[in-house]
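Heads up: the structure comes next, in structure tokens.
Note: hydrogens, waters and symmetry copies are ignored here, and every other heavy atom, side chains too, is used.
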Amino acid sequence: MGMYEDIVERIGDRERVTRNETVLEQHSKGLAYHAPRKPDVVVFPNTAAEVSAVLAYANERNIPITPFGAGSSLEGHIIPVNGGITLNMTKMNRILEIRPDDFLAVVEPGVTRMQLNEALKKYGLFFPVDPGADATIGGMAATNASGTNSVKYGVMRDQVLGLEVVLADGTIVHTGGMALKSSAGYDLTGLFVGSEGTLGVFTRLIVRLQGIPEATNALKASFVSLPMAAQTAAEIMKAGVALGKIELVDEQTIEAVNRYKQTNYLVAPTLFIELSGSATSVKEGTEIVRQLCEEGQCVAFQMEDDSIARTALWEARHHAAFAIQAAYPGKALLSTDVCVPVSELAEAIRNTRQLVEEHGLTAAIFGHVGDGNYHTVLAFDPNDTEEVTRIEKIHEHIVRYALARGGTCTGEHGIGIGKRRFLYEEHGDSVMLMKGIKRLFDPNGILNPGKIFI
């Protein structure tokens with residue numbers, strides 16, 4: 001029998017194993033510019049036992065395995081560069097348990113963050129990691145995602161308490177547990193989170209939950225320049241206010257959002273800020289933020305405490321990526337993220353904008369400035385060799401500028417395909433240890449090959 005029939009036999013359901021060309025095409029690419037590659041077959045497992053059976057089969061025959069969630073990754077993690085089997089985990093989407101008194105939930109990897117938060121509303125709880133897209137919890141853990149709430153609640157690694165993981169040979173292991181902390185042995189949970197599907201396949205996650213704040217206030221402040229907006233963000237961070245989110249969107253992105261959403265936001269570098277906590281702390285914090293924005297040459301300041309109005313106010317930030325895609329139809333997008341020490345952020349953003357303008361290219365800059373993480377989105381023609389070369393040079397400059405100032409080549413997107421060479425520049429003295437861990441967990445190299453390491 002061939003691979004398709006072998007897997008059907010192990011899964012026991014022909015409907016969940018496919019070689020349909022449309023499905024293969026859907027699983028050949030992410031959201032960014034990386035070259036697509038179709039898998040040979042796509043499998044939709046329902047249980048950890050099925051995942052185990054597929055991995056054991058693949059490991060015996062050296063067949064590559066690529067895990068797949070919502071397909072929203074930006075560094076090519078889900079592209080099966082060597083073909084083989086793509087494991088689409090979206091049918092494993094059950095919320096297995098919610099323990100409100102313990103502030104945790106147990107979920108399967110295909111559960112999306114919006115699905116989980118909808119189920120948590122009645123308990124007065126929410127899952128705090130918000131990368132923008134309605135990503136799966138498993139995919140978010142695989143890339144150590146963060147997003148708009150990271151300045152207050154931290155990144156995905158801070159939220160995952162335990163895992164059920166299927167290893168390359170089909171062995172099912174469990175890490176962590178339901179306690180909020182532990183000093184027992186090596187932190188294997190933290191090791192798996194952010195491993196991008198190269199060490200194992202998640203089949204169950206125990207995640208930490210947070211209480212919905214008593215009061216929330218959304219603020220929008222526009223500035224005369226991008227560096228002044230970034231500098232004001234740093235001053236707000238120092239002020240000790242009840243900060244929930246602080247995001248920066250540059251004028252080019254605002255302009256794209258206005259066209260995409262038919263809005264009329266002031267076209268200027270803009271901070272989107274959310275304060276959350278007790279009613280008193282939010283009220284006092286709002287006045288402090290207002291004062292700091294005025295000192296930073298703010299040209300417009302808007303405040304909303306109504307939930308519907310808050311949602312409308314945040315649309316410019318949440319829809320930024322979609323707006324940029326719509327603004328440049330037919331072009332490919334390189335969306336890169338770097339993270340620098342907060343004190344270096346204003347100059348890093350200024351340097352990036354200057355670099356882009358010198359090359360005469362279109363770009364948007366936005367990001368989670370509360371933790372020094374920002375994004376540059378470059379639109380380009382992938383068929384124009386000269387333009388591709390310029391884009392690559394800009395990308396390299398942005399990353400190396402961050403590294404030279406003690407930053408990292410990626411704050412939340414991960415390494416995937418696009419950042420592999422930069423991993424060696426950032427962690428050259430420890431990559432050998434990382435490769436040793438990879439060989440220990442996956443000696444035949446079947447798990448998401450071609451990612452992280454060159």
Side-chain angles (χ1 to χ4, degrees), residues 45 47-52 54-56 58-59 65-67 69 73 77 87 89 92 96-97 99 102-111 127-129 135-146 150 153-209 408 410 412 414-416 423 426-427 429-449 451-453:
T47 65
E50 290 181 354
V51 174
S52 174
V54 173
L55 263 63
N59 192 56
I65 292 282
T66 305
S73 77
H77 310 89
L87 278 180
M89 306 300 290
M92 293 185 66
L96 301 172
E97 188 177 7
R99 298 177 60 156
D102 291 321
F103 293 88
L104 62 83
V106 184
V107 302
E108 291 183 324
V111 171
F127 180 71
V129 179
T136 62
I137 303 297
M140 290 162 66
T143 57
N144 191 29
S146 53
S150 61
Y153 297 106
V155 301
M156 198 67 189
R157 190 171 278 119
D158 301 309
Q159 321 304 327
V160 180
L161 299 173
L163 293 166
E164 179 180 79
V165 186
V166 182
L167 303 182
D169 65 357
T171 301
I172 300 175
V173 299
H174 298 84
T175 73
M178 294 190 178
L180 293 180
K181 63 180 183 179
S182 172
S183 294
Y186 296 141
D187 182 10
L188 295 179
T189 302
L191 176 62
F192 278 113
V193 175
S195 61
E196 304 182 16
T198 64
L199 300 182
V201 178
F202 305 150
T203 52
R204 186 174 298 190
L205 303 94
I206 305 170
V207 295
R208 185 194 303 261
L209 309 175
T408 176
T410 175
E412 61 185 18
I415 296 295
L423 177 68
E426 182 175 338
H427 293 302
D429 58 347
S430 57
V431 170
M432 59 175 289
L433 298 176
M434 298 182 195
K435 285 187 171 182
I437 292 169
K438 167 67 171 172
R439 286 192 296 269
L440 176 66
F441 282 86
D442 181 20
N444 293 327
I446 69 162
L447 291 175
N448 215 2
K451 316 301 162 55
I452 301 182
F453 306 114

Side chain of [X], backbone of [Y]: donor and acceptor closer than 3.5 Å?
X      : Y      : answer
Glu426 : Thr408 : no
Arg204 : Glu164 : no
Thr136 : Gly139 : yes
Glu196 : Ile415 : yes
Asn144 : Arg157 : yes

Rounded to the nearest 0.5 Å, what separation is found between the [atom1] atom of [X] and the [atom2] atom of [Y]?
X      : Y      : atom1 : atom2 : answer
Phe441 : Leu191 : CZ    : CG    : 5.5 Å
Glu50  : Thr203 : CD    : OG1   : 11.5 Å
Asn448 : Lys438 : CG    : NZ    : 7.5 Å
Ile446 : Ile65  : CD1   : CD1   : 5.5 Å
Thr171 : Asn59  : OG1   : CG    : 9.0 Å
Leu87  : Thr66  : CG    : OG1   : 8.5 Å

(message) Before you tell me yes or no, could you show the steps for Met178 and Ile206 under side chain to side chain contact (heavy atoms under 4.5 Å, CB included), namely the whole-Å CA-CA distance, both residues' side-chain angles and the distance that decides it to 0.1 Å?
(response) CA-CA 7 Å; Met178 294 190 178; Ile206 305 170; 4.1 Å; yes
Looking only at non-hydrogen atoms, find the nearest pair between [X] and [Y] and report the distance.
X      : Y      : value
Pro109 : Met89  : CG-CE, 3.9 Å
Gln159 : Pro128 : OE1-CG, 3.6 Å
Ala135 : Met140 : CB-CG, 3.6 Å
Leu440 : Pro443 : O-CD, 4.0 Å
Val155 : Ser150 : CG1-CB, 4.4 Å
Ala141 : Val160 : CB-CG2, 4.3 Å

Side chain to side chain, [X] and [Y], heavy atoms closer than 4.5 Å:
X      : Y      : answer
Leu161 : Leu180 : yes
Leu447 : Leu55  : yes
Met434 : Ile452 : no
Asp442 : Thr198 : no
Phe453 : Leu423 : yes
Thr143 : Met156 : no

(request) List for me each residue that meets ring pair (Phe, Tyr, Trp, His ring centres under 6.0 Å) alongside Phe127, sequence neighbours excluded, and say none if there are none. (result) none
(message) Just to verify, what does Asp102 make a salt bridge (charged side-chain N to carboxylate O under 4.0 Å, His left out) with, not counting sequence neighbours?
(response) Arg99
